[in-house]
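One structure is given below, encoded as structure tokens.
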Amino acid sequence: MSSRPPIFGIDLGTTFSLISVLQDGVPVVLPNALGEGLTASAVSVMEDGRVLVGAPARARATTHPERTALAFKRDMGTDRVYDLGGHRFTAPELSALVLQALKHDAEAALGMAIEEAVVTVPAYFDEAQRQATRAAAQIAGLRVDRIINEPTAAALAYGLHERHRELTAVVLDLGGGTFDVTVLELIEGVIEIQSSAGDSRLGGEDFVDLLADRVAARIETSHGGDVRRHPQAWARVREACEQAKRRLSSVETTTVALVELPIGAATADLEIAFTRAEAEEAWAGLLERIRTAVTRALADARRRPEQIDEVLLVGGATRMPCITRLAAQIFGRLPLRHLPPDEAVALGAAVQAALKEGQASLDDMVVTDVAPMTLGVESATAMGSRVVSGLFTPILDRGTVIPVSRVKRFYTMSDGQRMIDVRVFQGEHSLCKDNRLLGRYEISDLPPAPAGAEAVDIRFTYDLNGILEVETTLVSTGRQHAFVVQQTPGRLTPEQIAKAREKMAALKVHPRELLPNTTALARAEALHLELVGAAREELAHAMALFRGALEQENPDLIDACRARLTALLGVLRRGD
Ligand code: AMP
């Protein structure tokens with residue numbers, strides 16, 4: 001046994017995050033301060049400046065939308081700044097708070113320090129988004145040497161069960177904010193990723209948005225006001241639609257009920273019924289985007305749907321019957337769901353963490369991965385006397401097995417050319433303007449030479465984490481330069497990370513051990529907004545008793561009142 005703490009697996013999700021570890025050869029999800037495996041990826045700043053992370057923060061999205069951030073994973077790799085009641089955070093900082101909460105809770109559950117983790121990202125995350133994820137871990141004080149793609153992690157968790165079968169499988173991962181589709185082969189415990197495709201801006205949240213848009217349209221027709229103008233009202237509509245979407249996974253008809261919803265200067269009580277068929281009609285465009293990504297991943301892997309032995313569904317949003325149906329239509333078979341869809345990625349991350357540690361129980365497991373997007377440089381070509389520039393020349397094609405290192409040679413275009421501008425892009429379009437600029441570097445002071453006589457070798461090295469290193473060598477002199485991507489939006493320098501760490505250390509984080517109390521109150525407040533009449537009064541009474549117990553600081557009374565309040569929340573929610 002090693003005395004070093006184990007490496008943990010973290011699924012940093014759009015809606016929920018999880019931390020896991022391999023215990024006795026089996027990956028397990030560790031409970032948070034609420035005793036739950038799923039920690040809401042939500043941050044809210046309380047009126048006294050304390051920062052809440054997890055379920056109570058998520059509950060405050062309806063009561064305090066201007067102080068609460070959700071789904072910030074979608075802004076990883078961008079410069080967006082969230083202002084939560086005067087406290088400003090970037091997406092990596094918000095993610096760092098979630099990572100810190102996971103780390104803290106798991107440390108409390110296990111009684112040991114957590115130093116290192118393997119963190120998962122959508123396969124379709126680009127360079128900037130991966131760098132931002134790394135930065136988040138650094139800000140949270142976690143060492144993250146290894147980032148793995150979510151479907152790869154799911155396949156690893158799955159592979160653990162199917163170690164002795166040979167098969168080609170597809171992983172469809174529809175989370176809160178992203179969609180990934182991956183084709184992989186599993187042979188005697190070796191998992192080989194054949195292709196990955198996806199859409200980093202398509203997830204369960206978009207299904208909610210489309211329902212919420214319909215609700216807004218109906219409100220506009222019936223009451224003549226734009227509910228989006230009122231942040232709290234809009235947050236309540238979205239939350240009611242989130243719940244309706246989930247109910248529609250098991251029932252055919254549901255009602256979005258909103259009482260005393262502010263619309264313009266007045267309020268209204270609303271009941272809007274949805275059938276599953278209506279919802280699916282609203283989602284037709286999203287389902288089509290999913291189909292397109294699946295088709296692309298199959299084409300990249302040179303597989304026909306009938307050559308796929310198993311279809312594995314991952315991510316909470318694959319619980320929607322329309323997703324199962326779509327998968328069945330495309331592949332001609334019902335998908336498998338051996339593992340809890342919310343946990344598969346985290347479980348696989350724990351397997352990867354154990355592989356990194358070299359745990360003996362996993363000796364016969366190996367995983368390979370592929371580059372999800374094409375990487376290349378800008379080039380120009382001469383057409384007669386004209387020079388056409390802005391062309392994208394790939395160096396690493398998407399689907400290349402990683403880690404990989406490839407080199408391509410480029411020549412000067414004019415006599416006496418003194419400078420070469422190396423501009424690195426990521427994407428699938430033939431013109432650079434349609435792809436994403438990752439970084440640039442100027443090779444200057446070229447020795448004077450006729451056009452085409454001087455050349456530069458550009459080497460791309462793509463590591464297992466999906467992080468790119470670029471190296472240029474001037475052929476005539478052997479002068480080399482390795483450069484890091486600098487223009488990526490949202491990329492943090494070591495100084496910025498150090499600063500962010502200081503900022504996090506100075507924050508007053510709400511004590512995690514008080515989380516059950518805060519969560520019960522936050523959930524009660526959110527539900528209170530939705531109720532009327534006797535139910536509202538009953539809830540207000542239970543909340544008052546609980547607040548009284550908290551003021552008295554009487555632990556037994558606090559526990560009893562919280563249990564009563566939590567039970568009542570369950571009853572009232574069911575009656576919704
Ligand atoms: P994940 O990021 O994998 O945790 O996925 C969370 C997403 O799954 C969110 O968009 C949830 O709304 C969605 N989800 C969870 N449970 C259900 C359900 N029963 N029906 C539909 N969507 C669900």
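Residue numbers run from 1 in the order of the sequence given. Heavy-atom basis, side chains included; hydrogens, waters and symmetry copies ignored. As the structure lists them, so they are numbered: ligands from 1, and atoms in each ligand from 1.
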Does atom CZ of Arg229 have more than 12 heavy-atom neighbours, drawn from other residues, nucleotides or ligands, at distances under 6.0 Å? no

Near ligand 1, at a heavy-atom separation below 4.0 Å: residues by chain and residue number: Thr15, Phe16, Gly175, Gly176, Gly204, Glu205, Glu242, Lys245, Arg246, Ser249, Gly315, Gly316, Ala317, Arg319, Met320

Is it true that a side-chain atom of Arg130 and a backbone atom of Phe125 form a donor plus acceptor pair closer than 3.5 Å? yes

What's the verdict on salt bridge (Lys or Arg N to Asp or Glu O under 4.0 Å) for Glu525 and Arg60, showing C-alpha distance, side-chain angles and the deciding distance? CA-CA 8 Å; Glu525 270 166 18; Arg60 281 168 57 89; 5.5 Å; no

For the pair Asp309 and Arg333, evaluate salt bridge (Lys or Arg N to Asp or Glu O under 4.0 Å) and give the outcome as yes or no after the intermediate values. CA-CA 9 Å; Asp309 302 306; Arg333 68 170 50 73; 5.7 Å; no

Looking at Phe72, I'd like to know if the NZ or CZ of Arg74 sits under 6.0 Å from its six-membered ring centre while staying within 45 degrees of the ring's axis. no

Taking atom types as modelled, is there a side-chain donor on Ser41 or Ser17 under 3.5 Å from an acceptor on the other? yes

